[in-house]
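Keep in mind that the numbers below use all heavy atoms, side chains included, and drop hydrogens, waters and symmetry copies. Order of the sequence lines fixes the chain letters, A, B, ..., with proteins taken first and strands second; residue numbering starts at 1 for each chain.
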2 protein chains.
Amino acid sequence: MSGRRPYATLLAKGEERRQRILTVAQRLLTRNGWRSITLGQIAREAGVSPAGLLHHFESKEQLLHAVLDARDAYDEATRDPSGDLIERIEGRAERFRRAPDLVGMFAVLLIENLNPDAPLHERFLDRYRAAVDTIAEEIRRGQRAGEYRTDLDPAVKAVEIAAFLNGMETSWLLDPSIPLTEVFREYSRSLARQLAPPSDDS
Amino acid sequence: MSGRRPYATLLAKGEERRQRILTVAQRLLTRNGWRSITLGQIAREAGVSPAGLLHHFESKEQLLHAVLDARDAYDEATRDPSGDLIERIEGRAERFRRAPDLVGMFAVLLIENLNPDAPLHERFLDRYRAAVDTIAEEIRRGQRAGEYRTDLDPAVKAVEIAAFLNGMETSWLLDPSIPLTEVFREYSRSLARQLAPPSDDS
DNA sequence: ACCAACCTACTTTCGATTCAGTAGGTTGGT
DNA sequence: ACCAACCTACTGAATCGAAAGTAGGTTGGT
């Protein structure tokens with residue numbers, strides 16, 4: 001009964017391989033980008049032939065979409081609404097260390113799709129705007145709740161924050177020796193000071 | 001006098017064409033990146049055949065280097081040491097409008113060379129570190145001069161500023177409708193408040 | 001005669017995708 | 001218990017298109 005491999009196991013093996021390919025693709029995509037990575041490299045690291053890879057994903061492009069979808073699903077699943085904007089920014093550094101392979105994928109693929117004709121341009125533009133809107137909305141919420149001062153424009157600050165967060169991802173990918181924690185802490189603190197309502201020492 | 005074209009003119013034409021290619025390459029490179037841009041596209045927009053392009057630049061790679069060198073030369077030439085760090089950051093928005101084709105080239109090519117094995121990785125890493133060091137050094141100068149408060153780490157703040165500046169380039173390339181001026185002004189103002197020595201209302 | 005600035009017509013290389021199989025495992029009769 | 005029809009997970013050897021780069025002209029000027 002040891003040589004036996006029931007059908008379910010076969011299917012599970014296929015599924016596992018598929019996951020493996022997805023994981024490898026995610027990492028290589030982040031480090032090399034879509035244009036320069038080849039199916040051959042992904043396949044090799046995942047332990048299959050290029051043709052074998054295409055058994056699981058029908059094209060290179062479809063693989064990319066699968067990776068993005070998986071990433072979106074992950075984001076959705078790990079979204080944690082606890083803490084306010086500032087705390088979440090500060091906690092960002094931790095995420096870099098916990099899931100380094102996820103960091104920067106957005107930034108890297110975004111760059112490859114800056115051109116309005118690029119296939120994923122719209123997807124990334126929408127995503128970018130959604131991110132900015134989310135941040136802006138959160139600032140507005142804080143303002144309404146009286147936690148933040150109201151004399152700054154949420155939309156403007158949100159663009160700044162998004163730029164900083166995005167910039168940190170690429171900086172870190174380029175030079176992992178930067179003082180992540182300190183930078184995020186420093187930025188979030190300064191943000192806190194900006195947003196704090198004017199001298200109310202009750 | 002009209003049909004005539006003395007040798008000097010011929011040479012001048014060649015040089016002009018070379019410049020034209022360089023300019024076009026710069027723009028297309030920024031929008032599409034190195035991998036996805038083709039000599040054919042650059043050649044077409046510059047009004048030559050691919051082979052004609054290679055008459056001026058011996059290879060695609062050499063063209064890239066020429067573009068980078070030209071960009072470095074431009075940076076060198078337009079470096080203006082007037083104003084302090086904060087003013088220069090605020091003035092950045094203006095540069096986006098004045099020379100839009102130059103904005104983002106660093107950011108885009110950087111991404112394509114994140115991988116330590118990438119041909120230009122070192123060049124970009126050095127450049128990144130030099131940029132951060134320059135900013136840090138300027139903060140230190142201000143601290144020594146008593147203009148800035150001394151209880152923050154220049155190296156940490158410099159990484160933040162670099163991330164923001166870099167992030168703004170990509171954000172703007174993706175979505176040129178963002179409120180550039182306002183964001184730069186808001187950020188530089190908040191930076192000014194951070195750096196200002198503690199309550200000294202003389 | 002020689003050079004610069006091209007051009008057209010290739011050659012080469014590389015990488016995605018297709019194709020024809022192979023090695024198992026399954027399922028539903030009989 | 002056994003078989004035909006079919007399925008999943010692959011592999012190795014083509015195919016095919018795109019793009020860099022080469023060869024060898026052509027034209028016009030010195």
**Rounded distance in Å - CD (Gln62(B)) to C1' (dA20(D))** = 14 Å

**Message:** If you count every heavy atom of other residues, nucleotides or ligands that lies below 6.0 Å from Arg98(B) atom CZ, does the total exceed 12?
**Reply:** no

**Fill in**
Glu15(A) CD to dC10(D) P, in whole Å, measures 11 Å

**Message:** Check this one for me: any side-chain N or O of Arg17(A) less than 4.0 Å away from OP1 or OP2 of dC10(D)?
**Reply:** yes

**Asked** Watson-Crick or G-U wobble partner for dT27(D), using a 3.5 Å limit on both distances?
**Response** dA4(C)

**His55(A) side-chain N/O to dA9(D) phosphate OP1/OP2 under 4.0 Å** = yes

**Asked** What is the distance from CZ of Arg35(B) to C1' of dA20(D), rounded to the nearest Å?
**Response** 14 Å

**Prompt:** Between Gln41(B) (CD) and dA18(D) (P), how many Å, whole number?
**Reply:** 13 Å

**Asked** Nearest-Å distance, NZ (Lys60(B)) to P (dT13(C))?
**Response** 18 Å

**Prompt:** dG21(D) P sits how many Å from Glu61(B) CD, rounded?
**Reply:** 8 Å

**Asked** When you look at CD of Glu122(B), are more than 12 heavy atoms from neighbouring residues, nucleotides or ligands closer to it than 6.0 Å?
**Response** no

**Item:** First of Ser36(A) and Leu54(A) reached from the 5' end of DNA chain C, by closest nucleotide
**Value:** Ser36(A)

**Asked** Just to confirm, is there a sub-4.0 Å distance from OP1 or OP2 of dC6(C) to any side-chain nitrogen or oxygen of Ser49(B)?
**Response** no

**Message:** Measuring from the side chain of Ala51(B) (C-beta onward, heavy atoms only), which nucleotide among dT17(C), dC6(C), dT22(D) has the closest atom?
**Reply:** dT22(D)

**Fill in**
Of dA19(D), dC7(C), dA16(C), the nucleotide closest to the side chain of Thr38(A) is dA16(C)

**Message:** Can you tell me if His56(B) touches the phosphate of dC6(C), counting only side-chain N or O atoms and a distance under 4.0 Å to OP1 or OP2?
**Reply:** yes

**Prompt:** Any donor-acceptor pair under 3.5 Å linking the side chain of Arg17(A) with the backbone of Gly47(A)?
**Reply:** yes

**Message:** Test your reading of the model: is there a side-chain donor-acceptor pair from Asn113(A) to the backbone of Leu109(A), 3.5 Å cut-off?
**Reply:** yes

**Prompt:** Roughly, in whole Å, what's the span from CH2 in Trp34(B) to P in dA19(D)?
**Reply:** 14 Å

**Asked** Any sub-3.5 Å donor-acceptor pair from Arg88(A)'s side-chain atoms to Gly83(A)'s backbone N or O?
**Response** yes

**Strand partner of dT11(C), provided both Watson-Crick or wobble distances fall under 3.5 Å** = dA20(D)

**Asked** What is the distance from CZ of Phe57(A) to C1' of dC10(D), rounded to the nearest Å?
**Response** 15 Å

**Message:** Classify Leu63(B) by what it touches in the nucleic acid, base, sugar-phosphate, or nothing, heavy-atom distance under 4.0 Å.
**Reply:** nothing

**Asked** Want to settle it: does Leu39(A) or Gly52(B) sit nearer the 5' end of DNA chain C, counting the closest nucleotide to each?
**Response** Gly52(B)

